[in-house]
Amino acid sequence: MRVAILISGRGSNMAALIEACRRPDYPAEIVLVISNKPDAKGLETAAAAGIATKVIDFRGKGSRQAFEDAATQALEDAEVDLICLAGFMRILSADFVGRWRDQVINIHPSLLPAFPGLETHERALQAGVRITGCTVHFVRPEMDNGPIIAQVAVPVSNRDTADTLAARVLTYEHRIYPLALELIASGKARLVDERVIVDEDIAEQPALAVPPLTDAPR
Ligand code: GRF
């Protein structure tokens with residue numbers, strides 16, 4: 001499966017996907033990284049890994065359409081089968097999501113449908129949840145919404161700040177994004193009636209076990 005990754009910044013999830021794709025038996029390859037920000041750190045990481053990169057930088061009025069037209073052209077030219085959003089900070093239009101229907105997945109640092117949108121960890125702490133986590137899902141036009149492919153629950157500590165919680169959740173993001181991509185690319189996870197059905201019992205995947213707080217980075 002030919003995969004493109006869309007980023008806007010650091011690109012640590014992108015790096016985790018690139019690393020996973022190095023495995024000879026991994027069923028996907030990253031053929032293109034697109035950033036909407038010229039200074040995204042992840043661009044250097046991708047280039048250093050020998051992956052083609054493209055900056056599509058449009059701002060202001062009409063920029064969404066211009067961005068999406070240029071992105072679709074680049075994705076078609078690269079014969080991309082699947083698009084992974086990884087810290088990509090633009091909202092995609094219903095037209096774009098329709099053009100790439102069931103071919104766009106995203107990672108979000110909460111147990112969706114709880115806490116969609118920005119400032120996820122601040123809001124999780126504010127709500128006093130004992131468990132948060134991260135989710136990989138198919139993209140639908142509504143933000144942070146769509147059929148769930150994989151989730152990991154991550155415990156919250158009394159001592160957590162938004163930063164410590166974000167750092168802990170991120171370590172698990174780096175595990176489930178490669179796993180979710182593998183499930184999709186291998187055909188072990190499929191969309192049926194707007195739910196993702198997984199051949200193997202996904203709960204038994206060690207990467208998806210709920211980690212004890214004592215094991216978590218502090
Ligand atoms: C991650 O927490 C991801 O879940 C969210 O934005 C952050 C991006 O981090 N959508 P990185 O660019 O992958 O390091």
Side-chain angles (χ1 to χ4, degrees), residues 3-22 28 30 32-49 51 53-57 67 71 82-92 96-97 104-125 129 131-156 160-184 207-208 211 216-217:
V3 174
I5 308 178
L6 268 55
I7 61 168
S8 298
R10 177 178 57 184
S12 69
N13 278 293
M14 176 207 73
L17 293 174
I18 291 173
E19 185 57 36
C21 287
R22 288 212 175 97
I30 313 298
L32 179 64
V33 169
I34 296 177
S35 172
N36 65 319
K37 297 247 171 83
D39 58 351
K41 274 281 288 145
L43 285 168
E44 291 162 35
T45 315
I51 293 168
T53 62
K54 189 170 177 68
V55 175
I56 305 179
D57 179 21
F67 173 85
L82 189 83
I83 301 162
C84 295
L85 308 183
F88 179 67
M89 300 304 284
R90 278 193 92 117
I91 307 262
L92 295 167
F96 183 90
V97 175
V104 189
I105 66 177
N106 180 46
I107 187 155
H108 182 75
S110 75
L111 287 178
L112 291 174
F115 310 119
L118 296 175
E119 301 190 341
T120 320
H121 303 294
E122 285 84 347
R123 287 183 292 129
L125 290 176
V129 296
I131 301 273
T132 184
C134 45
T135 303
V136 182
H137 64 97
F138 279 101
V139 169
R140 295 291 178 255
E142 313 79 53
M143 187 178 51
D144 297 328
N145 194 290
I148 291 167
I149 303 162
Q151 287 186 307
V152 164
V154 178
V156 179
D160 268 325
T161 63
D163 286 347
T164 62
L165 188 54
R168 183 176 320 120
V169 171
L170 190 66
T171 62
Y172 297 102
E173 293 183 45
H174 296 162
R175 295 187 198 176
I176 60 160
Y177 213 170
L179 174 63
L181 175 58
E182 184 176 357
L183 289 171
I184 297 296
L208 297 180

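Since this is a predicted model, take the numbers as computed values, not measurements. In listed order, ligands and their atoms are each counted from 1.
At a 3.5 angstrom cut-off on N or O pairs, G11 counts as close to ligand 1.
Residues N13 and I5 form no side-chain contact, since every pair of their non-hydrogen atoms from C-beta on lies 4.5 Å or further apart. Between Y177 and I105 the shortest side-chain heavy-atom distance falls below 4.5 Å. The shortest distance between side-chain heavy atoms of T53 and S35 does not fall below 4.5 Å.
Residue-ligand proximity: I107 is placed with a non-hydrogen atom under 4.0 Å from ligand 1.
The protein heavy atom nearest to atom 8 (C) of ligand 1 is G87 CA, 3.5 Å. Atom 5 (C) of ligand 1 has P109 CD, 4.0 Å as its closest protein atom, hydrogens excluded (heavy atom only). Scanning all protein heavy atoms for the shortest distance to atom 9 (O) of ligand 1 gives R10 NH2, 3.0 Å.
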Stepwise side chain to side chain contact (heavy atoms under 4.5 Å, CB included) test for I83 and F96 | CA-CA 12 Å; I83 301 162; F96 183 90; 4.2 Å; yes
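Residue-ligand proximity, E173 to ligand 1, at heavy-atom distances under 4.0 Å covers atoms 1 (C), 2 (O), 3 (C), 4 (O).
Inspection of the H121 and T132 side chains reveals no N or O donor paired with an N or O acceptor under 3.5 Å.
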